2 protein chains.
Amino acid sequence: MTKARKTVLEVVEQEGSPLSARQIGARIAGHDTATVYRALHYLEEKGLIDSFVLHCDRHGTERYYTTGGACHRHWFHCVECHRFIDLGECVVGDMIEKIGRQKGLAVTGHTFFATGLCADCQAAGKMPGRLPSDTCSTQTD
Amino acid sequence: MTKARKTVLEVVEQEGSPLSARQIGARIAGHDTATVYRALHYLEEKGLIDSFVLHCDRHGTERYYTTGGACHRHWFHCVECHRFIDLGECVVGDMIEKIGRQKGLAVTGHTFFATGLCADCQAAGKMPGRLPSDTCSTQTD
DNA sequence: TCAATTTTGCAAATCATTTGCAAAATACTG
DNA sequence: CAGTATTTTGCAAATGATTTGCAAAATTGA
Ligand SMILES: [Mn+2]
Ligand SMILES: [Mn+2]
Ligand SMILES: [Zn+2]
Ligand SMILES: [Zn+2]
């Protein structure tokens, strides 16, 4: 494990919630974007991190990385403040495994996440279909 | 509803399984890529189609479009032949709604799909972690 | 210590998707 | 219907995330 890869892994593990490559790069000093992406590929292939692709109006289509391993989790993405909220350990794995087996499929992976408004943003009076004038107050990088 | 938009909608509805913008464009004669994308945005905003973003090694990160409306479904993507297989009507909507409510979240949408090997590709002796020399026999566009 | 292998930084390339802009199509109005 | 306002489209150029070629730097191993 090289220093760059270790650093990327530590950033992902310490954050706890999903991070984009751009966000990871911003948290690392002195490493090129290509190195970050190559480290992410390496770590995912080793099973040390997981990823999923999410599209939101503000950030477009980006891949997000989380800690990997046996106990994988799923997330909620607030379309207003763009924070991720932990939905807990996977509760759909067994379900999809069973459905797949009924159809003769060998399920090796799945992607699951929800979107909407977090509690804070609801309290702030934001509506799901918000105006473009609304700002992104919490997530700037 | 303009002709271009109607054509795009018909292509999506007639296909039944998810299609990428590229595939949709290939099924339509005489319409620019930009027009296809703009039609897709329009149709999705009107709730006539749904979409999700999926990443696979062969096709990279692409957005896939399906028929929209009340009864939405989820899909399995074969990483070998790249066909989509219908997993039936959504069975996670209520579940995630409940989990969200417990955490004070206003869930407005979710993405859920599985990946692996379809029955045909398993029978053909393909393994989930396949070699780059394996070819994409069924999906060419 | 020296050659072989792997990793990195930098710049350029990819590729899906978006956007500016003027022409074409459509909707409206008198 | 004619004339004008609004919307949509085609084309080309721009975007932005991600990938890749290549030579230098770092690491490995004998
Ligand atoms: Mn976001
Ligand atoms: Mn595919
Ligand atoms: Zn929020
Ligand atoms: Zn298959």
Side-chain angles (χ1 to χ4, degrees), chain A residues 1-12 18-46 48-66 77 82 84 111 113 132 136 139-141, chain B residues 1-12 18-46 48-66 77 82 84 111 113 132 136 139-141:
Chain A
M1 178 90 79
T2 68
K3 180 184 289 187
R5 290 167 175 173
K6 201 171 304 181
T7 303
V8 169
L9 178 58
E10 286 171 0
V11 167
V12 172
L19 286 175
S20 67
R22 184 169 47 86
Q23 293 173 315
I24 292 167
R27 285 166 171 67
I28 295 179
H31 284 289
D32 189 73
T33 304
T35 303
V36 172
Y37 278 104
R38 285 191 278 232
L40 289 169
H41 293 329
Y42 170 88
L43 294 169
E44 186 162 22
E45 173 160 320
K46 297 296 181 187
L48 297 171
I49 61 176
D50 287 332
S51 75
F52 60 91
V53 180
L54 178 148
H55 175 96
C56 84
D57 285 339
R58 184 178 306 279
H59 300 98
T61 300
E62 287 184 314
R63 193 160 184 166
Y64 291 86
Y65 297 86
T66 62
H77 183 71
H82 300 273
F84 282 97
T111 293
F113 57 81
C136 182
Q139 180 173 337
T140 54
D141 60 347
Chain B
M1 178 88 80
T2 67
K3 180 184 290 187
R5 291 168 176 174
K6 200 172 305 180
T7 304
V8 169
L9 178 58
E10 287 172 0
V11 167
V12 172
L19 286 175
S20 67
R22 183 168 47 87
Q23 294 174 313
I24 293 168
R27 286 166 171 66
I28 296 179
H31 284 290
D32 189 75
T33 305
T35 303
V36 172
Y37 278 105
R38 285 191 277 232
L40 289 168
H41 292 329
Y42 171 87
L43 294 168
E44 186 161 20
E45 174 160 320
K46 297 296 180 186
L48 297 171
I49 60 176
D50 287 332
S51 75
F52 60 90
V53 180
L54 178 149
H55 175 96
C56 83
D57 286 339
R58 184 177 306 280
H59 300 99
T61 300
E62 287 183 313
R63 194 158 183 166
Y64 291 86
Y65 297 86
T66 63
H77 183 71
H82 299 274
F84 282 98
T111 292
F113 58 80
C136 181
Q139 181 173 337
T140 54
D141 59 350

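None of the values given here were measured: they were computed from a predicted structure. Each chain gets a letter, A, B and so on, in the order its sequence line appears, and its residues count up from 1.
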S.K.: Would you give the length of the straight line joining atom CE of A:Met1 to atom CG of A:Leu9, rounded to the nearest 0.5 angstrom?
M.R.: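 Rounded to the nearest 0.5 Å, the CE-CG separation comes out at 5.0 Å.
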S.K.: Round to the nearest Å and state the distance from B:Leu54 atom CG to C:dT17 atom C1'.
M.R.: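 So the two atoms are 17 Å apart, to the nearest Å.
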S.K.: Can you tell me how far P of C:dT8 sits from CD1 of A:Ile28, to the nearest Å?
M.R.: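 For the pair A:Ile28 CD1 and C:dT8 P, the rounded distance is 11 Å.
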S.K.: Take the protein atom CE of A:Met1 and the nucleotide atom P of C:dT7, then report the distance between them rounded to whole Å.
M.R.: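 From A:Met1 CE to C:dT7 P: 12 Å.
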S.K.: Parallel, tilted or perpendicular: which one describes the rings of A:Tyr64 and A:His77, with boundaries at 30° and 60°?
M.R.: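 If you compare the ring of A:Tyr64 with that of A:His77, the planes turn out tilted.
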S.K.: May I have the distance from B:Lys6 (atom NZ) to D:dT9 (atom C1'), rounded to whole angstrom?
M.R.: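 Value for this atom pair: 16 Å.
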S.K.: When the distance from CD of A:Glu62 to C1' of D:dG16 is rounded to whole Å, what number comes out?
M.R.: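 Distance, rounded to whole Å: 9 Å.
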S.K.: Please report the interatomic distance CD(B:Glu10) to OG1(B:Thr7), rounded to the nearest 0.5 Å.
M.R.: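 Between atom CD of B:Glu10 and atom OG1 of B:Thr7 there are 6.0 Å.
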S.K.: Mind checking the NE2-CG spacing from B:His82 to B:Asp57? Nearest 0.5 Å is all I need.
M.R.: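 Taking NE2 in B:His82 and CG in B:Asp57, the distance rounds to 8.0 Å.
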S.K.: Grab the NE2-P distance between A:His59 and C:dT18 for me, whole Å please.
M.R.: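 A:His59 atom NE2 is separated from C:dT18 atom P by 16 Å.
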S.K.: How long is the gap from CZ on A:Arg63 to CG on A:Leu40, to the nearest 0.5 Å?
M.R.: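 Nearest 0.5 Å value for the CZ-CG distance: 9.0 Å.
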S.K.: In Å, rounded to the nearest 0.5 Å, how long is the span from NE2 of A:His31 to CZ of A:Arg38?
M.R.: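 That separation rounds to 12.5 Å.
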S.K.: CG of B:Asp57 versus P of C:dT14: gap in Å, rounded?
M.R.: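 Atom-to-atom, B:Asp57 to C:dT14, this comes out as 20 Å.
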S.K.: Nearest whole Å is fine: how far is C:dT17 C1' from B:His31 NE2?
M.R.: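 My rounded result for the distance is 19 Å.
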S.K.: Could you tell me whether B:Gly25 contacts a base, only the sugar-phosphate backbone, or nothing, with contacts defined as non-hydrogen atoms closer than 4.0 Å?
M.R.: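 Nothing: the residue B:Gly25, judged by heavy atoms under 4.0 Å, touches no strand.
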S.K.: Tabulate protein N/O versus nucleotide N/O from nucleotides 19-30 of chain D, keeping only pairs under 3.5 Å, one per line.
M.R.:
{"from": "D:dT19", "atom 1": "OP2", "to": "A:His41", "atom 2": "NE2", "distance (Å)": "2.6"}

